[in-house]
Enquirer: 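Okay, here's the structure, questions in a sec.
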Amino acid sequence: MKYYSTNKQAPDASLEEAVVKGLAADKGLFMPYSIKPLPQDFYDSIDTLSFQEIAYRVADAFFGEDVPAETLKQIVYDTLNFDVPLVKVTEDIYSLELFHGPTLAFKDVGGRFMARLLGYFIRKEGKKQVNVLVATSGDTGSAVANGFLGVEGIHVYVLYPKGKVSEIQEKQFTTLGQNITALEIDGTFDDCQALVKSAFMDKELNEHLQLTSANSINVARFLPQAFYYFYAYAQLKKLGKANDAVICVPSGNFGNITAGLFGKRMGLPVKRFIAANNRNDIFYQYLQTGVYTPRPSIATIANAMDVGDPSNFARVLDLYGGSHAAISAEISGTTYTNEQIAETMRETWKECHYLLDPHGACGFRALKEGLKPGETGVFLETAHPAKFLETVEGIIGETVEIPAKLKAFMQGEKQSLSMTKEFADFKSYLLSL
Ligand SMILES: *Cc1c(COP(=O)(O)O)cnc(C)c1O
């Protein structure tokens with residue numbers, strides 16, 4: 001399948017080009033030329049299929065023309081070596097728990113899939129080592145590093161700001177070893193991102209090394225997120241609750257929800273979507289006014305959603321032909337303050353004995369306030385609450401049990417290379433490899 005750029009100024013790309021480049025030459029986001037509806041018999045029998053079987057059918061619709069069936073199946077099955085259970089919270093609200101993967105957040109799905117797809121392209125082309133550069137303020141680095149861990153032919157460099165990520169987050173990408181190198185930059189997240197950008201633009205570096213990004217706008221990270229929307233529907237159907245399903249997605253860069261909108265375009269019977277925002281309510285404001293006004297982000301307790309210019313907004317616009325009316329017919333929005341998020345976490349813990357993380361709390365609250373009679377709500381619980389230990393414990397006033405996977409990271413030994421924020425230093429390091 002061919003991919004076009006949302007800015008329509010760059011040549012079409014193959015899947016391989018889109019995955020290796022990440023962003024189109026005109027700075028647009030890649031979109032697949034067709035979003036194929038899946039046949040009715042698939043939806044009729046979806047509740048008899050496993051998560052992996054469902055995901056493979058979805059993956060085949062996007063990647064089947066470009067990747068041999070057995071290889072694609074292997075990639076999907078390897079990626080999804082953990083469950084995504086649908087857990088009842090109230091009579092009509094369910095949590096889709098996306099935190100059972102290696103780093104306890106939904107970004108594991110895209111990170112693992114992209115690593116395996118890129119690994120396939122490298123083997124196929126007999127390419128020398130590919131170097132993935134990723135700047136992180138926390139969670140992206142861990143999902144990408146763990147996704148690529150041990151994948152042959154790829155080395156990952158994670159750039160992160162010294163002293164500005166939590167200890168739990170840092171441990172998740174500095175303790176891995178093998179093909180993962182953590183670079184601790186004496187600067188901010190923006191400095192890290194600037195170093196990565198400069199590296200991609202540097203002619204000399206690109207002549208010596210094959211560089212690629214694992215940004216969340218990459219189609220190989222973005223599209224696989226559609227898998228679990230189908231699986232959520234399958235689980236609802238099993239419960240006899242699949243009519244009038246409403247899916248609510250705690251949103252920052254809008255990659256996650258956009259994958260769900262692609263699912264709906266493939267025929268997935270979701271009645272409507274809700275995008276839950278924290279105080280960074282750029283999309284919410286767009287829905288109200290029809291005008292998109294990016295702003296600098298504000299720090300909140302749901303910090304993975306602190307985004308002032310959601311990168312996937314371009315994909316949402318493109319998907320609906322730029323029509324505000326079409327977008328607001330399928331998606332509504334909400335926005336919550338830190339106080340509202342904390343209140344929701346406290347009440348839900350007390351009344352339902354379900355511990356929300358600050359991101360999932362936005363999703364749950366939006367359903368609690370916005371479900372109409374007869375509707376069943378599913379919110380995406382995007383990370384495990386223990387990933388935000390101090391915040392969560394401070395809010396509920398109790399200690400939170402840390403899952404074994406997180407504990408194992410915390411016991412590992414940090415290994416990182418210190419570096420200044422000067423591009424000359426980063427460049428000479430890369431050239432010396
Ligand atoms: C990345 C992230 C989000 C936001 O997802 P987008 O795809 O950027 O909208 C929400 N919650 C958590 C825990 C995240 O890590």
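Index from 1, following the sequence. Since the model is a prediction, treat every value here as computed from it, not as a measurement. In each ligand, atom 1 is the first atom listed, and ligand 1 is the first ligand listed.
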Enquirer: Less than 3.5 Å apart, any donor N or O on the side chain of Ser297 or Asp306 sitting next to an acceptor on the other?
Expert: no
Enquirer: Could you list which atoms of ligand 1 come closer than 4.0 Å to a heavy atom of Ala383?
Expert: 13 (C)
Enquirer: Do me a favour and list the nearest non-hydrogen protein atom to atom 3 (C) of ligand 1 with residue, atom name and distance?
Expert: Phe106 CE2, 3.5 Å
Enquirer: Are His100 and Phe82 close enough that their ring centers fall under 6.0 Å?
Expert: no
Enquirer: In the protein, what heavy atom is nearest to atom 13 (C) of ligand 1, and what distance, to one decimal place, separates them?
Expert: Thr382 OG1, 3.3 Å
Enquirer: Is it the case that Asp47 and Tyr233 place a side-chain donor and acceptor less than 3.5 Å from each other?
Expert: no
Enquirer: Where does the angle between the aromatic ring planes of Phe313 and Phe283 fall among parallel (under 30°), tilted (30 to 60°) and perpendicular (over 60°)?
Expert: perpendicular
Enquirer: Under 4.0 Å from a heavy atom of Lys107: give me the atoms of ligand 1 that qualify, with their elements.
Expert: 1 (C), 2 (C), 3 (C), 14 (C), 15 (O)
Enquirer: If we count only N and O atoms by modelled type, under 3.5 Å, do the side chains of Asn277 and Thr335 hold a donor and an acceptor together?
Expert: no
Enquirer: Can you check which of Asn253, Asn277, Val307 brings a heavy atom nearest to atom 8 (O) of ligand 1?
Expert: Asn253
Enquirer: Ignoring hydrogens and angles, state whether a donor on the side chain of Ser5 or Asp26 is under 3.5 Å from an acceptor on the partner side chain.
Expert: yes
Enquirer: Check whether any N or O atom of Gly252, backbone or side chain, sits under 3.5 Å from an N or O atom of ligand 1, and answer yes or no.
Expert: yes
Enquirer: With a 4.0 Å cut-off on heavy atoms, does Ser251 reach ligand 1?
Expert: yes
Enquirer: Show the atoms of ligand 1 that are less than 4.0 angstrom away from any heavy atom in Gly255.
Expert: 6 (P), 7 (O), 9 (O)
Enquirer: Which atoms of ligand 1 sit under 4.0 Å from any heavy atom of Asn256?
Expert: 7 (O)
Enquirer: May I ask you to say whether Asp318 pairs ionically with Lys8, meaning some side-chain N is under 4.0 Å from a carboxylate O?
Expert: yes
Enquirer: Under a plain distance cut-off of 3.5 Å, with no hydrogens placed, do Tyr56 and Gln74 share a side-chain donor-acceptor pair?
Expert: no
Enquirer: Please work out whether any backbone atom (N, CA, C, O) or any side-chain heavy atom from C-beta onward of Gln225 is under 4.0 Å from ligand 1, and answer side chain, backbone, both or neither.
Expert: neither
Enquirer: Within a distance under 4.0 Å of any heavy atom of Asp139, pick out the atoms of ligand 1 and give their elements.
Expert: 15 (O)
